[in-house]
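By convention here, the first residue in the shown sequence is residue 1.
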Amino acid sequence: GVHFMEMCAVMCLGGGLLIALFFGAAALLGFSDLRTGSPALSAFIVSCILGAAMVLWMWFRRMDWRPTLEMAGSSVAAGIVLIVGFWVGLVSEAALFPAVCGLACVAMVVVMLFRLDLYSSGHAAHAGHRG
């Protein structure tokens, strides 16, 4: 419960801020149409930024590296699934970019279900995990 809500907030708010900063900087550098000009690349960048936000948060919360990388990998995997769907015509260009965050949240839940004991414990249990 609490872990999921916390991680969704980190992914959506923190990731959203980092995504806005990235695409804002890209626009300043002359790539103002990156999302429409390179939708698959943009979706991949978004999935990587969401994964990076998770890595930073889980590192801050003193989580072990394995679950941290699993959680970040779930965001990247979600992006790859959507990009493949886009390439084969199952995902529209308009849906590709916004769908990354939604599928990343679903993938995060799946990862959490495989480590329910870890994610249902309090944060104090993580304090001694990382060195």
Exercise for review: Give a yes or no on whether W57 and V109 share a hydrophobic cluster (residues Ile, Leu, Val, Met, Phe, Trp, Tyr; joining criterion: side-chain heavy atoms under 4.5 Å apart).
Suggested key: yes

Exercise for review: Say whether L56 and F22 are linked into one hydrophobic cluster, either directly or through other cluster members, by side-chain heavy-atom distances under 4.5 angstrom.
Suggested key: no

Revision key, fill the gap. Separation between SG (C101) and CD1 (I49), nearest 0.5 Å, reads 12.0 Å

Practice item. Give every residue pair that meets the side chain to side chain donor-acceptor pair (under 3.5 Å) criterion with at least one member in residues 68-93, sequence neighbours excluded. Key: R66-E70, E70-R115

Review point. Would you say the side chain of I45 lies within less than 4.5 Å of the side chain of F97, judging by non-hydrogen atoms?
Key: no

Review point. Is the shortest heavy-atom distance from the side chain of W59 to the side chain of W65 under 4.5 Å?
Key: yes

Revision key, fill the gap. So CG of L103 and CE of M108: to nearest 0.5 Å the spacing works out to 11.5 Å

Point to revise | Results of ring pair (Phe, Tyr, Trp, His ring centres under 6.0 Å) for F44 - residues two or more places apart only | key: none

Practice item. Among residues two or more places apart or on two chains, list those pairs meeting salt bridge (charged side-chain N to carboxylate O under 4.0 Å, His left out) that have a residue in residues 14-31. Key: none

Practice item. Run through the side-chain heavy atoms of Ile, Leu, Val, Met, Phe, Trp and Tyr, join any pair under 4.5 Å, and report what else lands in V110's cluster. Key: F114

Check your understanding: Is L13 reachable from L17 through a run of I, L, V, M, F, W or Y residues, each pair having side-chain heavy atoms under 4.5 Å apart?
Key -> no

Review point. Any side-chain heavy atom of V76 sitting closer than 4.5 Å to one from L50?
Key: no

Point to revise | Sequence-distant partners of F86, ring pair (Phe, Tyr, Trp, His ring centres under 6.0 Å), two or more places apart | key: none

Using residues 35-42 as the side-chain source, report each donor-acceptor pair under 3.5 Å to any protein atom, sequence neighbours left out, with the distance given to one decimal.
{"unit_1": "T36", "atom_1": "OG1", "unit_2": "D33", "atom_2": "O", "d": "3.2"}
{"unit_1": "S42", "atom_1": "OG", "unit_2": "L34", "atom_2": "O", "d": "3.0"}
{"unit_1": "S42", "atom_1": "OG", "unit_2": "S38", "atom_2": "O", "d": "3.0"}

Exercise for review: Report whether L28 and F31 are members of the same hydrophobic cluster (ILVMFWY, side-chain heavy atoms less than 4.5 Å apart, transitive linking).
Suggested key: no

Review point. What distance do C48 atom SG and L18 atom CG have between them, rounded to the nearest 0.5 Å?
Key: 12.5 Å

